[in-house]
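Right, one structure below, let's go through it.
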Amino acid sequence: MAKPTIPQGTRDFGPEVVRKRTYILNTIRSVFELYGFQPLETPAMENLDTLMGKYGEEGDKLIFKILNNGLDNPEKEKQVREEFEKVLQGKNTKGITERALKYDLTIPFARYVAMNHPQLVFPFKRYQVQPVWRADRPQKGRYREFYQCDADVVGSHSLFNEVELAAIYHEVFTRLGLTGYELRINSRKVLAALAESCGGADNMTDITVAIDKLDKIGLEKVKEELVSRGLSNDQVSIIEKYLNISGTNEEILSSLTALIGYSADGEKGISELSYLSSQLATHNSQLKLDPALARGLNYYTGIIFEAKAPAGVKMGSIGGGGRYDDLTGLFGVPGIPGVGISFGVDRIYDVLEELQLFPADVQVGTRVLFFNLGEAESQKSFELLQQLRQRGIRGELYHENAKFDRQFKYAEKKNIPFVVILGEKELAAQTCNIKELATGQQQSVSFTDLIRHNF
RNA sequence: GUGGUUGUAGCUCAGCUGGUUAGAGCAUCAGAUUGUGGUUCUGAGGGUCGCCGGUUCGAACCCGGUCAGCCACCCCA
């Protein structure tokens, strides 16, 4: 038997890791609930049709497809061979694969809203925490199976939703102790206005893809890329002017107005950014306007968000989101706008680990271990333990009579703060010893005091 | 999908230009220690050197392939 392995880019999560992940997820969930969001879950797999064409050309390639069952049926052999020919030509066909693992939570959510909109109360605010899958090659901070953690509001145009979502980012990161995070915002309308002034909306994708890399590759490389994507020197110099905009949020807004304020899109986008930054100025000092923020996903149409890890941690985005005007339109139900955000749980985990921000008590499961020192002794211990458990105190009885050494080491390894020692002498005296491992302090108490003791 | 790099005990890693029986630390188990852990000491177990093939008298070491991890690109969380 060869050693067992797990698929590339997937991970097992041991007890300590699950505890830490749960801490993050519970923090996020409780903030979502605090803002009136409701939970939703959708299947691990969707019909391939639902997903294809929603994430761009690259995205389609990264969708994990599921092979149909029954392809080995001899009666269908000829048909299956024909269908497979299409696959070899890079086409998808229902004859071979009609289902796929979900790629993100937003598209399945849009599908859900399109299917259920008559029953939903609008604006519909949902959060969703589930794994998604991508057939990407794994590397640092990137996996083939990972959790996404989304909150979206659909059925409302109000910019107040953006304000609330930004406030959620602030609340979550503050609760997690990530005080140095930065929330960057921009508007796709501003980017659209920039594209317009550079020769038309056709350039929008090329421009956004290129300028999104500014942080990573620098201005010169971005200019090179723009040229290679077919933009003229005049157009590139407008973009350069745009990218050189900096300063306080107010300064950025006035520079943007000077550059693209004349266009309808530009003016609208700038006024939205201005509204957001003024609304949040008092609540959320980390909000930073960033004209270079573009985000790859093309369905965004308004405000876009990106949360960055505190400076000094080598980790890019730990969250992102934005407004989309017509996501359900893809599924035949037009006219439902939405705005949403996402938390990158795996990356937040790495950042908290690096900055040592996990609270110590995250790792405490069992509070108290009863030593097993014989038949009669453990009978009594179990009886007392059950009474503590009824009070909600997490406890264990060591599973067999063993040497002290072994039982102590078990308590240490499981990070159990207290042990209860109840042996022959104690049983006779109707007492037991409570020992706190960290300090080594020990006290003798009666059974009635034990079951009232605060562990 | 493209390129680079690594793979030796449960874990972290040594292992010379190819040369007998592949080592260390930590961890595990036993003992010093039959009712008090963390320290210390003694001893023991544990490896088809990722896998398959090739070169060679001889391969952990060289070559090819393959799988997996890591890193970068593309893209993205």
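Throughout, a chain's letter reflects where its sequence line sits, starting with A, and its residues are numbered from 1.
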ask   = Do the side chains of A/Y398 and A/R406 get nearer than 4.5 Å, heavy atoms only?
value = yes
Rounded P spacing from B/A27 to B/A72 in Å = 33 Å
inquiry  = Counting only heavy atoms from other residues, nucleotides and ligands, does the tally under 6.0 Å from NZ of A/K213 exceed 12?
reply    = yes
message = Measuring only the P atom in each nucleotide, how far is B/A60 from B/U20? A whole number of Å is fine.
response = 10 Å
key: Crowding at CZ, A/F84 (>12 non-hydrogen neighbours, <6.0 Å)   = no
inquiry  = Does A/F32 form a ring-ring contact (aromatic ring centres under 6.0 Å, His included) with A/Y127? I'd like the steps, not just the answer.
reply    = CA-CA 7 Å; A/F32 285 163; A/Y127 70 90; 5.5 Å; yes
key: Whole-Å distance separating the CZ atom of A/R406 from the P atom of B/G38   = 13 Å
note = A/E58 CD to B/C75 C1', in whole Å, measures 6 Å
inquiry  = Side-chain N or O of A/K213 versus OP1/OP2 of B/C75: is the shortest distance under 4.0 Å?
reply    = yes
task = Look at all strands and tell whether A/S317 reaches a base, only sugar-phosphate, or nothing, counting heavy atoms closer than 4.0 Å.
result = sugar-phosphate
remark   = To the nearest angstrom, the CG-P distance between A/D104 and B/C75 comes to 18 Å
ask   = When you compare B/U40 with B/G4, how far apart are their P atoms, in angstrom units rounded to a whole number?
value = 47 Å
query = A/K308 NZ to B/C76 P: how many Å, rounded?
reply = 14 Å
key: A/E424 side chain, from C-beta outward: closest of B/U36, B/G35, B/A77   = B/G35
request  = Confirm from the modelled atom types if A/Q442 and B/U36 form a donor-acceptor pair under 3.5 Å, side chain to base only.
outcome  = yes
message = Using the P atom as the point on both nucleotides, what is the distance between B/C63 and B/G19, in whole Å?
response = 15 Å
key: Sugar-phosphate only, base, or nothing, as touched by A/L373 at under 4.0 Å among non-hydrogen atoms   = nothing
inquiry  = Assess whether a salt bridge exists between A/D104 and A/K54, defined as any Lys/Arg side-chain N lying under 4.0 Å from an Asp/Glu carboxylate O.
reply    = no
ask   = Can you name the ring-ring contact (aromatic ring centres under 6.0 Å, His included) partners of A/Y147, sequence neighbours left out?
value = none
task = Check for a donor-acceptor pair, side chain of A/Q387 on one end and backbone N or O of A/I451 on the other, with a separation under 3.5 Å.
result = no
message = Whether the A/Q407 and A/N372 side chains hold a donor-acceptor pair (N or O, under 3.5 Å, no angle test) is what I'd like checked.
response = no
query = Mind pulling the stems RNA chain B is in, i.e. runs of at least three Watson-Crick or G-U pairs, everything under 3.5 Å?
reply = B:1-7 with B:67-73, B:10-13 with B:23-26, B:28-32 with B:40-44, B:50-54 with B:62-66
request  = Report the distance from atom CD of A/E436 to atom C1' of B/G38, rounded to the nearest whole Å.
outcome  = 15 Å
query = A/K413 has an atom NZ; how far is it from atom C1' of B/A27, in whole Å?
reply = 8 Å
query = Stacking here means centres under 5.5 Å and planes under 30°; does A/F404 stack on B/G37?
reply = no
query = Taking OP1 and OP2 of B/G38, is either one under 4.0 Å from a side-chain nitrogen or oxygen of A/K435?
reply = no
request  = Return the 5'-most residue of the pair A/G440, A/A135 with respect to RNA chain B, ranking by each residue's nearest nucleotide.
outcome  = A/A135
task = Just compare B/G37, B/G35, B/A77 and give me whichever is closest to any side-chain atom of A/K425.
result = B/G35
request  = Nearest whole angstrom, please: distance from the P of B/G35 to the CZ of A/F371.
outcome  = 12 Å
ask   = At under 4.0 Å between heavy atoms, what does A/D346 touch on the DNA or RNA strands: base, sugar-phosphate, or nothing?
value = nothing
task = Calculate the interatomic distance between A/D405 atom CG and B/U36 atom P; express it in whole Å.
result = 11 Å
Donor on one side chain, acceptor on other, A/Q128 and A/R126, under 3.5 Å = yes
task = Report yes if the side chains of A/R144 and A/W133 come closer than 4.5 Å at any heavy-atom pair, otherwise no.
result = no
request  = Could you work out the separation of B/G1 and B/G18 based on their P atoms and round it to a whole Å?
outcome  = 35 Å
query = Using the P atom in both, what is the distance from B/U8 to B/G47, to the nearest Å?
reply = 15 Å
inquiry  = Taking B/G10 as the reference, what is the distance to B/G45 when you measure between their P atoms (whole Å, please)?
reply    = 15 Å
inquiry  = Check this one for me: any side-chain N or O of A/K403 less than 4.0 Å away from OP1 or OP2 of B/G31?
reply    = yes
message = Parallel, tilted or perpendicular, judged at 30° and 60°: which one describes the rings of A/F173 and A/Y169?
response = parallel
message = Does this structure show an ion pair linking A/R142 with A/D346, if we count only N-O contacts that are shorter than 4.0 Å?
response = no
ask   = Just by protein heavy atoms under 4.0 Å, how would nucleotides 65-72 of chain B read 5' to 3' in B, S and -?
value = ----S-SB
inquiry  = So, under a plain 3.5 Å distance rule, would you say the side chain of A/E426 forms a donor-acceptor pair with the base of B/G35?
reply    = yes
ask   = Taking atom C1' in both B/A32 and B/U39, what distance in whole Å separates the two?
value = 14 Å
